[in-house]
Structure formats: C-alpha cells, structure tokens
Amino acid sequence: MRLLFSSRNLPTTSGTFGGFPEVIRVRGITQFHSQWRKYSTKEPPSPPTTQLEGKHYPIDEWTNIPSHISSALSRKLHLQPSHPLSITRRLIESRFPSPTYQYHNDLSPIVSVHQNFDSLGFPIDHPGRCRTDTYYINKDTVLRTHTSAHQADTFRSGTSDGFLISADVYRRDAIDRSHYPVFHQMEGARMWSRNECGASGGVAAVIREEIESMPKHGINEPLRVRWVEAYFPFTSPSWELEVYWQGDWLELLGCGVVKQSLPKNAGIPDKIGWAFGVGLERVAMLLFGVPDIRLFWSLDERFLGQFKGGEVSRFVPFSKFPPCYKDIAFWLPNSSSAAGGQVPFHENDMMEIVRNVAGDLAEDIDEFTHPKTGRKSLCFRINYRSLERTLRNDEANSLQQAVKRVLVEEFGAEVREKSEK
Ligand code: FA5
Ligand code: MG
C-alpha cells in the first residue's frame with residue numbers, strides 16, 4: 001500500500017474507541033483505531049472518522065483529503081465583503097436580479113457522489129469521478145467539484161425561475177497561475193415554461209446574450225473572447241467561453257441548454273432552460289488585474305488592504321519576488337499509484353505531493369516527456385516562488401528534498417539524481 005500524504009499534513013481523524021488508540025494509516029490518512037479485543041467487555045470499535053465542518057464522517061479507502069484542503073473549508077472568500085471574489089460575485093448578481101433569480105451562497109461543500117455526478121448524468125466511468133481528480137471524504141461523499149452539484153436539488157425546490165449559486169469547489173488539479181485546488185464558481189440557471197421563452201433563437205440564443213452582458217468594469221479593451229463548443233453530461237448544446245489573457249486563452253465558464261432529463265427528474269418536465277458555471281477567480285483576475293490565483297488566498301494586508309466592497313480597483317503588485325526552479329526525474333515501479341493498486345501514477349498525484357510539501361510556494365509545475373523505453377520515467381520542473389518574500393535557494397532545496405522523499409517512500413520512485421539543478 002502506498003501512502004500519498006505525510007502525516008503532518010493530514011486532517012484530524014478520530015474514532016470513538018473502547019480500547020487504547022492505535023494510529024494506523026490508510027492511503028496516507030492517519031486514523032485512530034481501537035484495539036478492541038475478543039474478550040473485552042467494552043463496546044466494539046466504531047469505524048474511523050474524519051471531522052469536517054463540525055461533523056464526523058466515516059473514512060475508507062477512498063478518503064484522500066489532506067489538511068491544506070480541509071483547512072480551506074472555513075475560508076469562504078466569496079462571502080468576505082471586501083474580498084475581490086465577493087465583489088465579483090455581487091457584480092454578477094446585479095446582472096441577474098431578484099426575485100426572478102434567487103441567490104444561494106452558503107450551501108455546504110460536502111455533497112453526495114449522487115449529487116455531484118449521478119444527478120447530472122455523469123457516466124460511471126467519467127474521469128471526473130476518479131480519486132486522481134476528486135477529493136473524497138469516503139466512497140459516497142465528496143467535496144463538490146462544481147456548483148452544478150446543487151442543480152437538481154435547486155430545480156426540484158422550484159422556489160424561483162432562476163438561481164445563482166456561489167460556492168467554494170474542490171479539485172485535484174494542475175498547479176499554475178490560473179488553477180488552484182480550491183476555487184469558487186457561480187452557477188446560474190433560468191427556467192421557463194416551454195411556451196414562455198420567446199427569444200427567436202430559443203434558449204441557446206438567450207444564454208449567450210445573457211453571458212455577453214456580464215460585467216466588464218475597467219477591463220482593458222479590446223477584450224478578445226471566443227466561444228468554443230464543449231461537452232457537459234447535463235447540457236446540450238454546450239459551450240465554453242474563453243478570453244485572451246497573458247498571451248494565452250483562459251477559460252472563464254461553461255454553459256448550455258439544460259438537458260431535458262434534469263427538469264424531468266426534478267418533477268418539472270414542462271420546463272426548459274439554460275445554465276452556466278463561471279470561475280469567479282478567473283473573472284476577478286481580469287476585473288482586478290490579479291496575475292496569480294494564489295493571491296486570492298493571501299492574508300497579507302498588502303493584498304487585502306487594496307480592495308473595498310462594491311468597488312473594482314486595479315491590483316497594484318507589491319513586488320515580484322524571484323522564482324527558483326528545480327527539476328526532478330524519476331522512475332516508478334509499474335504498479336505505482338495513489339491508491340496503491342493498479343491505477344497508474346497520475347500527473348495530479350505529483351501536483352498533490354508538491355502542494356502538500358510546498359503549499360503556496362509552488363507556482364507551477366511542467367511535465368517533460370522523456371524518451372525512454374521499459375520502466376516509466378517522469379520528469380517535472382517545479383517552479384517555487386513566494387508571492388510575499390524572496391525565497392532562498394536552500395529553502396527551495398529542502399522543499400525539493402521533501403518532495404523527493406515522498407516520491408521514494410510512498411510511491412517507490414527511483415530518483416535520477418543528475419537531473420537536479
Ligand atoms: C464545470 O464545472 C461545469 N459545472 C460548468 C457548467 C455549469 C456547464 C452549468 C454547463 C452548465 P468546468 O470544469 O469547465 O465546468 O469549470 C467551469 C469554470 O471553473 C472554468 O471555466 C474555470 O473558469 C473554472 N475553473 C475550473 N478549474 C479551475 C481551477 N482549478 N482553478 C480555478 N478555476 C477553475
Ligand atoms: Mg472547462
């Protein structure tokens with residue numbers, strides 16, 4: 001069994017037990033287990049649990065939530081009045097007024113696999129369901145990977161024609177300037193009775209119109225945008241909207257016409273409508289000129305002090321500290337995986353190891369392809385940079401050493417020493 005996380009980075013896990021606690025580790029999650037013995041008069045052991053948002057959840061071989069993720073649950077940046085994410089949320093909300101639209105900003109991030117995937121028609125083998133992509137509390141419960149997890153329930157509640165749901169969402173994802181494992185989405189949806197939607201191009205035309213009228217306060221024009229055809233299991237047709245940013249196309253949102261199975265299953269078969277899911281960080285990066293997604297998590301007054309509720313202002317960088325990159329190349333045994341089984345090592349496992357070790361000091365990771373036959377050889381370049389101070393080379397070296405240790409001890413990797421810088 002391979003272990004993904006080191007114990008110092010693990011969430012609090014506990015069992016209520018009738019004997020002396022014994023610390024065990026399953027897929028890197030430390031658990032406290034009772035030593036219940038055959039002849040004990042005490043109660044049989046309860047299964048190990050993890051505590052999130054004040055509630056205990058049983059953990060199992062699917063559990064994969066490290067402490068840097070569980071500690072983000074309480075931050076709720078989209079609700080901090082002077083935070084750029086909250087300012088962005090309110091600006092978009094102003095485009096979709098009450099009472100047609102109802103706002104839901106405080107739904108729990110802990111949802112069932114059914115809500116997150118099944119209710120939206122995700123096929124059972126969809127890659128989004130993998131433990132390499134999703135944070136599982138246990139096999140039935142996840143940290144929502146998108147605000148669409150609440151679509152079916154909100155349609156079913158039927159309390160308004162439209163809704164906006166803003167929330168923190170969680171994904172095991174790449175490390176770079178526009179990706180973070182915790183980010184914020186806003187889900188928007190609007191339903192009509194079939195004969196009510198009068199637009200000449202139907203629902204599809206309405207959604208593109210609605211989205212193009214989203215706020216563009218102070219964004220340096222000309223803004224180059226493009227619509228790209230996309231696929232989501234719960235909309236058809238579907239599109240993504242991209243914008244040209246820092247020399248590349250940046251995806252802002254996904255949207256489409258809601259597939260009929262959703263209103264049908266929600267008990268409103270006569271309704272049709274559209275839905276979108278927009279990344280609030282991505283919009284805020286454009287509106288406020290924030291160059292790196294990690295900044296939104298900063299507690300530094302030089303960042304937070306620049307913003308005021310209701311105002312869109314340009315971010316003034318306090319400094320640009322030098323980067324420090326380190327390369328690592330290694331071979332893996334053929335069966336190596338985060339799950340310790342047959343699933344191959346995934347690029348996201350590397351991202352997770354580095355996030356565990358380096359936190360926000362990792363700016364981006366690039367994967368190099370290595371022309372080798374036989375054993376699987378992997379090469380990564382990790383760029384370390386603090387947003388708040390100059391990172392010393394020896395600090396970056398010890399982070400790199402720690403990454404290496406996890407790869408060796410928990411994945412059985414054989415590190416190629418010459419590849420180090
Ligand atoms: C979805 O999550 C769909 N639920 C969106 C949707 C809703 C489609 C309703 C149709 C109808 P996607 O995985 O593309 O789609 O993510 C939506 C947006 O979230 C992206 O366009 C991007 O702006 C943002 N996003 C995705 N991953 C990250 C990340 N790791 N860090 C920051 N923002 C992200
Ligand atoms: Mg997408």
Side-chain angles (χ1 to χ4, degrees), residues 69 72 77-78 84-85 88-89 92 111 115-117 119-122 126-129 133-135 142-152 154-155 162-191 203-204 206-208 210-211 214 225-243 245 248-259 261-263 273-287 290 292-297 347-348 351-352 355 360 364-365:
I69 294 299
L77 301 180
H78 64 295
L85 293 181
T88 303
R89 167 181 65 80
I92 304 177
V111 299
Q115 287 172 300
N116 201 78
F117 297 118
S119 73
L120 294 160
F122 276 72
H126 192 282
R129 292 183 185 251
D133 289 45
T134 294
Y135 292 109
V142 294
L143 294 180
R144 72 184 149 222
T145 63
H146 54 173
T147 41
S148 303
H150 303 289
Q151 256 195 36
T154 317
F155 284 142
F163 59 78
L164 296 180
I165 299 169
S166 299
D168 39 328
V169 302
Y170 299 78
R171 287 185 198 175
R172 293 175 105 236
D173 213 334
I175 297 183
D176 64 35
R177 262 159 263 181
S178 62
H179 287 84
Y180 206 78
V182 189
F183 60 101
H184 297 76
Q185 283 187 341
M186 179 191 277
E187 190 89 359
R190 169 80 160 96
M191 284 297 191
V203 182
V206 179
I207 182 166
R208 292 182 44 160
E210 289 283 3
I211 284 171
M214 277 203 192
V225 294
R226 68 180 186 192
W227 286 98
V228 181
E229 273 190 38
Y231 168 79
F232 299 102
F234 43 97
T235 51
S236 180
S238 312
W239 302 274
E240 286 180 333
L241 181 69
E242 298 184 345
V243 59
W245 177 78
D248 207 353
W249 290 100
L250 178 72
E251 192 195 302
L252 291 188
L253 60 86
C255 67
V257 177
V258 176
K259 275 194 188 167
S261 52
L262 268 103
W274 53 251
F276 67 79
V278 60
L280 287 179
E281 277 82 354
R282 303 270 175 95
V283 178
M285 286 169 102
L286 293 166
L287 286 175
V290 172
D292 189 309
I293 197 164
R294 290 174 294 165
L295 281 161
F296 293 116
W297 296 88
E347 190 187 316
N348 287 353
M351 304 292 163
E352 204 62 17
R355 283 195 197 284
D360 281 1
D364 52 54
I365 302 190

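Values in this document were obtained by computation on a predicted structure and should not be read as measured data. In each ligand, atom 1 is the first atom listed, and ligand 1 is the first ligand listed. Side chains are part of it too, since the values below use all heavy atoms of this structure and drop only hydrogens, waters and symmetry mates.
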- Could you walk me through whether D133 and T145 pass the side chain to side chain donor-acceptor pair (under 3.5 Å) test, one step at a time? CA-CA 9 Å; D133 289 45; T145 63; over 6 Å; no
Is there a heavy atom in [X] that sits closer than 4.0 Å to ligand 1?
{"X": "E281", "answer": "no"}
{"X": "C255", "answer": "yes"}
{"X": "G188", "answer": "no"}
{"X": "W274", "answer": "no"}
{"X": "V169", "answer": "no"}

- By atom name, which N, O or S atom of E251 is the nearest to the Mg ion (ligand 2)?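 It is OE2, the N, O or S atom of E251 closest to the Mg ion (ligand 2).
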- Message: Restricting to N, O or S atoms, which atom of E240 is closest to the Mg ion (ligand 2)?
- Response: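 Of the nitrogen, oxygen and sulfur atoms in E240, the Mg ion (ligand 2) lies nearest to OE2.
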Which residue supplies the protein heavy atom nearest to [atom], what is that atom called, and how far is it?
{"atom": "atom 22 (C) of ligand 1", "value": "R282 NH1, 3.4 Å"}
{"atom": "atom 21 (O) of ligand 1", "value": "E251 OE2, 2.6 Å"}
{"atom": "atom 16 (O) of ligand 1", "value": "Q185 NE2, 3.3 Å"}
{"atom": "atom 5 (C) of ligand 1", "value": "G277 CA, 3.9 Å"}
{"atom": "atom 4 (N) of ligand 1", "value": "S148 OG, 2.8 Å"}

Roughly how far, to the nearest 0.5 Å, is the [atom2] atom of [Y] from the [atom1] atom of [X]?
{"X": "K259", "Y": "T235", "atom1": "NZ", "atom2": "OG1", "result": "7.5 Å"}
{"X": "C255", "Y": "W274", "atom1": "SG", "atom2": "CH2", "result": "9.0 Å"}
{"X": "W245", "Y": "R177", "atom1": "CH2", "atom2": "CZ", "result": "7.5 Å"}
{"X": "L295", "Y": "E281", "atom1": "CG", "atom2": "CD", "result": "11.5 Å"}
{"X": "F117", "Y": "F234", "atom1": "CZ", "atom2": "CZ", "result": "10.5 Å"}
{"X": "T88", "Y": "M285", "atom1": "OG1", "atom2": "CE", "result": "11.5 Å"}

Numbered atoms of ligand 1 (with element) below 4.0 Å of [X], judged on heavy atoms:
{"X": "L253", "result": "21 (O)"}
{"X": "T235", "result": "10 (C), 11 (C)"}
{"X": "E240", "result": "14 (O)"}
{"X": "H179", "result": "29 (C), 30 (N), 31 (N)"}
{"X": "F276", "result": "7 (C), 9 (C)"}
{"X": "F232", "result": "3 (C), 8 (C), 10 (C), 15 (O)"}

- Hey, are the side chains of V290 and F296 touching, using non-hydrogen atoms and a 4.5 Å cut-off? yes
- Given H146 and R171, is the side chain to side chain donor-acceptor pair (under 3.5 Å) satisfied, shown in steps? CA-CA 9 Å; H146 54 173; R171 287 185 198 175; 4.9 Å; no
- Of the choices Y170, F183, Y180, F296, which has the non-hydrogen atom that lies closest to atom 33 (N) of ligand 1? F183
- Give the single entry among A189, G279, G254, S178 that approaches atom 32 (C) of ligand 1 most closely by any heavy atom.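 Going through A189, G279, G254, S178 one by one, S178 has the nearest heavy atom to atom 32 (C) of ligand 1.
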For ligand 1, find out whether one of its N or O atoms is nearer than 3.5 Å to an N or O atom of [X].
{"X": "E187", "value": "no"}
{"X": "H146", "value": "yes"}
{"X": "Q151", "value": "no"}
{"X": "L252", "value": "yes"}
{"X": "R171", "value": "yes"}

- Does the pair Y231 and E240 meet the rule for a side chain to side chain donor-acceptor pair (under 3.5 Å), with working shown? CA-CA 9 Å; Y231 168 79; E240 286 180 333; over 6 Å; no
- Task: Walk me through it: do L143 and V169 pass the test side chain to side chain contact (heavy atoms under 4.5 Å, CB included)?
- Result: CA-CA 7 Å; L143 294 180; V169 302; over 6 Å; no
- Task: Taking D176 for its side chain and H179 for its backbone only, find out whether a donor-acceptor pair lies under 3.5 Å.
- Result: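 Present.
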- Item | Side chain R294, main chain D360, donor-acceptor under 3.5 Å | yes
- Query: Hey, is F234 touching ligand 1 through its side chain, its backbone, both or neither, going by heavy atoms under 4.0 Å?
  - Reply: side chain
- Query: Think R355 forms a cation-pi with Y180, using NZ or CZ under 6.0 Å from the six-ring centre and within 45 degrees of its axis?
  - Reply: yes
- Message: Are H184 and Y170, when compared by the centres of their aromatic rings, separated by less than 6.0 Å?
- Response: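 So the answer is no for these two rings.
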